Amino acid sequence: QVQLVETGGGLVQAGDSLRLSCAASGRTFSQLGMGWFRQAPGKEREFVAGISWSSSTSYKDSVKGRFTISRDNAKSTLYLQMNVLKPEDTAVYFCAARVGGLGLMSRTRVYSNEADYEFWGQGTQVTASS
């Protein structure tokens, strides 16, 4: 129904930057709510950033000012620009999508619970060493 493929992860030093990409197919991308989640070893998967299909955004407090989520509807691609990476950012990062409705709330709300998302990518490893 919706296929998501993440790329861009890697090994960097603390303070460096990475940009993750998520290519989507199978649905009209502009009508998908999108998010990034991450999971570190031994930890639960957590919300990192989200963007509605009207391009409202929301971030986990610890990444505000460092990470930027964006979308390019013409390319059906979601991005996460990660600057000033910290060792605490080390995790597998997942792209997620939900099918939006036509109502105002569905178009504008940013969803931060993983249960709200229907489709998931395979994940990409991000490691920031100190």
Side-chain angles (χ1 to χ4, degrees):
Q1 298 180 53
V2 176
Q3 294 78 47
L4 305 171
V5 179
E6 305 101 328
T7 57
L11 173 63
V12 299
Q13 287 190 288
D16 287 350
S17 299
L18 283 173
R19 189 180 73 164
L20 305 183
S21 298
C22 173
S25 61
R27 293 286 184 96
T28 301
F29 181 75
S30 63
Q31 296 181 351
L32 296 175
M34 304 295 296
W36 289 100
F37 291 76
R38 67 188 183 189
Q39 187 169 28
K43 305 293 184 180
E44 294 185 355
R45 187 156 57 186
E46 65 179 1
F47 172 79
V48 178
I51 186 166
S52 73
W53 65 313
S54 65
S55 295
S56 298
T57 60
S58 183
Y59 297 90
K60 174 181 171 65
D61 286 346
S62 64
V63 309
K64 289 180 179 177
R66 299 189 296 121
F67 291 11
T68 302
I69 188 171
S70 62
R71 63 193 299 160
D72 186 336
N73 290 342
K75 297 181 178 179
S76 297
T77 301
L78 176 75
Y79 301 99
L80 184 67
Q81 178 66 46
M82 303 184 293
N83 296 328
V84 196
L85 281 161
K86 302 177 179 180
E88 307 94 270
D89 297 318
T90 296
V92 176
Y93 283 69
F94 297 90
C95 173
R98 68 182 306 277
V99 179
L102 296 177
L104 179 63
M105 187 66 70
S106 294
R107 293 196 302 271
T108 60
R109 180 180 175 182
V110 177
Y111 294 84
S112 59
N113 295 322
E114 61 180 290
D116 292 321
Y117 290 85
E118 303 166 78
F119 308 103
W120 296 82
Q122 83 286 356
T124 186
Q125 177 71 45
V126 172
T127 302
S129 63
S130 60

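Everything numeric here is computed off the predicted structure, so don't read it as measured data. When a residue number appears, it is its place in the shown sequence, counting from 1.
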ask   = Salt-bridged, R45 to E114, with N to O below 4.0 Å?
value = yes
ask   = Should the pair R98 and Y111 be classed as cation-pi, given the thresholds of under 6.0 Å to the six-membered ring centre and 45° from the axis?
value = yes
note = The reported gap from SG in C95 to OH in Y117 (rounded to nearest 0.5 angstrom) is 9.5 Å
task = Answer yes or no: is there a side-chain heavy-atom contact under 4.5 Å between Q39 and E44?
result = no
ask   = Quick one: are Q125 and T127 in side-chain contact, heavy atoms under 4.5 Å?
value = yes
task = Starting at CG of L80, measure out to CZ of R38 and round the result to the nearest 0.5 Å.
result = 9.5 Å
ask   = Is there a chain of hydrophobic side chains (I, L, V, M, F, W, Y, each step under 4.5 Å between heavy atoms) that links I69 to V110?
value = no
key: Candidate pair F119 and V99, rule side-chain contact (heavy atoms from CB on, under 4.5 Å), full reasoning   = CA-CA 9 Å; F119 308 103; V99 179; 3.8 Å; yes
Side-chain donor-acceptor pairs of residues 81-88 under 3.5 Å, sequence neighbours excluded:
residue, atom, partner, partner atom, Å
Q81, NE2, N83, OD1, 3.0
N83, OD1, S17, OG, 2.9

query = Within the distance-only criterion (no hydrogens, no angle test), does the side chain of N113 pair as donor or acceptor with the backbone N or O of A115 below 3.5 angstrom?
reply = no
query = When you check the side-chain N and O atoms of Q3 and S25, is any donor under 3.5 Å from an acceptor?
reply = yes
query = Looking only at atom types and distance, does a side-chain atom of T90 sit under 3.5 Å from a main-chain N or O of A128, one as donor and one as acceptor?
reply = yes
ask   = Roughly how far, to the nearest 0.5 Å, is CG of N73 from CH2 of W53?
value = 10.5 Å
task = Assign the ring pair F67 / Y93 to parallel, tilted or perpendicular, where the plane angle (0 to 90°) is split at 30° and 60°.
result = tilted
ask   = Does Q122 CD have over 12 foreign heavy atoms under 6.0 Å away?
value = yes
Within 45° cone and under 6.0 Å: R71 NZ/CZ vs Y79 ring = no
key: S52-S54 side chain donor-acceptor pair, cut-off 3.5 Å   = yes
key: Heavy-atom pair with the smallest gap, counting every atom of L4 and A24   = CD2-CB, 3.7 Å
task = Taking the side chain as every heavy atom from C-beta outward, state whether L18 and V126 have any pair of such atoms under 4.5 Å apart.
result = yes
task = Using modelled atom types only, decide if a donor and an acceptor are shared between the side chain of T77 and the backbone of K75 within a distance under 3.5 Å.
result = yes
Heavy atoms from other residues, nucleotides or ligands near CD of Q31 exceed 12 (cutoff 6.0 Å) = yes
ask   = How close do M34 and A97 get, heavy atom to heavy atom, and via which atoms?
value = SD-CB, 3.5 Å
key: Pairwise distance CZ(F47) to CZ(F37) - rounded to 0.5 angstrom   = 6.0 Å
ask   = Would W36 and Y59 show up in the same hydrophobic cluster when neighbours are defined by side-chain heavy atoms closer than 4.5 Å?
value = yes
message = Rounded at 0.5 Å granularity, tell me how far CG in D72 sits from OG in S21.
response = 10.0 Å
query = Can you tell me if T124 uses its side chain to pair, donor with acceptor, with the backbone of G9 under 3.5 Å?
reply = yes
query = To the nearest 0.5 Å, what is the distance between CD1 (I51) and OG (S70)?
reply = 6.5 Å
ask   = Does one hydrophobic cluster hold both V2 and W120, with members joined at side-chain heavy-atom distances below 4.5 Å?
value = no
message = Test side-chain contact (heavy atoms from CB on, under 4.5 Å) on T7 and L20; report intermediate values, then the result.
response = CA-CA 6 Å; T7 57; L20 305 183; over 6 Å; no
